[in-house]
Amino acid sequence: MGDVEHMFENLNTAVVACNADFKVTYANTKCKQMFKATMGIENFVGNQMDDCHKPETMEKLKTLFTEYQKKKKNLDYYTLATSDGKLTIVNTPYYEGDTFAGVVEFLFEGSLA
């Protein structure tokens with residue numbers, strides 16, 4: 001696992017993961033830098049996702065997590081306009097065996113389209 005973590009730490013793409021209960025379990029250095037710059041949050045690993053999301057966003061995430069649990073969806077993405085341009089957010093579920101365990105999210109600066 002150390003090699004995978006080393007790889008994520010050296011990406012120029014933000015990576016954040018949470019478990020099925022919406023608890024943030026991992027954020028790479030790039031992600032921490034982005035959150036510090038945009039939200040003033042130093043380290044949010046261990047926090048609940050609703051600590052850094054609006055209630056309406058959490059409702060959308062709850063629906064998405066249900067789709068992942070039922071394996072009706074295996075990827076989701078959207079693009080946001082930011083003061084620096086665009087941010088494309090891609091998330092995908094991960095499983096422990098056959099059980100939904102959480103989501104890994106990649107935040108790409110710019111549009112992937």
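Computed from a predicted structure; not experimentally measured.
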Review point. Should Val103 and Tyr77 be counted in the same cluster of Ile, Leu, Val, Met, Phe, Trp and Tyr side chains packed under 4.5 Å apart?
Key: no

Revision key, fill the gap. Between the NZ atom in Lys71 and the CG atom in Asp98, the distance rounded to the nearest 0.5 Å is 3.5 Å

Check your understanding: For the rings on Phe22 and Phe65, is their centre-to-centre separation under 6.0 Å?
Key -> yes

Check your understanding: So, Tyr78 and Asn91: side-chain donor and acceptor under 3.5 Å apart, yes or no?
Key -> no

Check your understanding: Any chain of hydrophobic side-chain contacts (each under 4.5 Å) joining Val90 to Tyr95?
Key -> no

Point to revise | Minimum-distance pair of heavy atoms, taken over all atoms of Phe106 and Thr13 | key: CB-CG2, 4.3 Å

**Study point:** From Leu107 atom CG to Asn28 atom CG, the distance as rounded to the nearest 0.5 Å
**Key:** 9.0 Å

Point to revise | Exam field: side chain Glu9 to backbone Thr29, donor-acceptor pair closer than 3.5 Å | key: yes

Revision key, fill the gap. Taking every heavy atom of Ala14 against every heavy atom of Cys31, the minimum-distance pair comes out as CB-CA, 3.5 Å

Revision key, fill the gap. Here the gap from Leu87 atom CG to Thr82 atom OG1, rounded to the nearest 0.5 Å, amounts to 6.0 Å

Atom pairs and distances, donor-acceptor, side-chain atoms in residues 43-62, under 3.5 Å, two or more places apart:
{"residue": "Asn43", "atom": "OD1", "partner": "Val45", "partner atom": "N", "Å": "3.1"}
{"residue": "Gln48", "atom": "NE2", "partner": "Asp21", "partner atom": "O", "Å": "2.9"}
{"residue": "Asp51", "atom": "OD2", "partner": "Gln48", "partner atom": "N", "Å": "3.4"}

Check your understanding: Roughly how far, to the nearest 0.5 Å, is the CG atom of Asn12 from the CD atom of Glu109?
Key -> 6.5 Å

Check your understanding: What's the spacing between Phe108 CZ and Ile89 CD1 if we round to 0.5 Å?
Key -> 11.0 Å

Check your understanding: Quick one: do Val16 and Phe100 end up in the same hydrophobic cluster if we chain Ile, Leu, Val, Met, Phe, Trp and Tyr together by side-chain heavy atoms under 4.5 Å apart?
Key -> yes

Check your understanding: With no hydrogens and no angle check, is any side-chain donor or acceptor of Thr92 less than 3.5 Å from a backbone partner on Asn74?
Key -> yes

Check your understanding: Can you check whether Tyr26 reaches Phe8 side chain to side chain, under 4.5 Å on heavy atoms?
Key -> yes

**Study point:** Nearest-0.5 Å distance that lies between atom NZ in Lys73 and atom CG in Leu75
**Key:** 8.0 Å

Point to revise | Cluster overlap Ile41 with Met34, hydrophobic side-chain contacts below 4.5 Å | key: yes

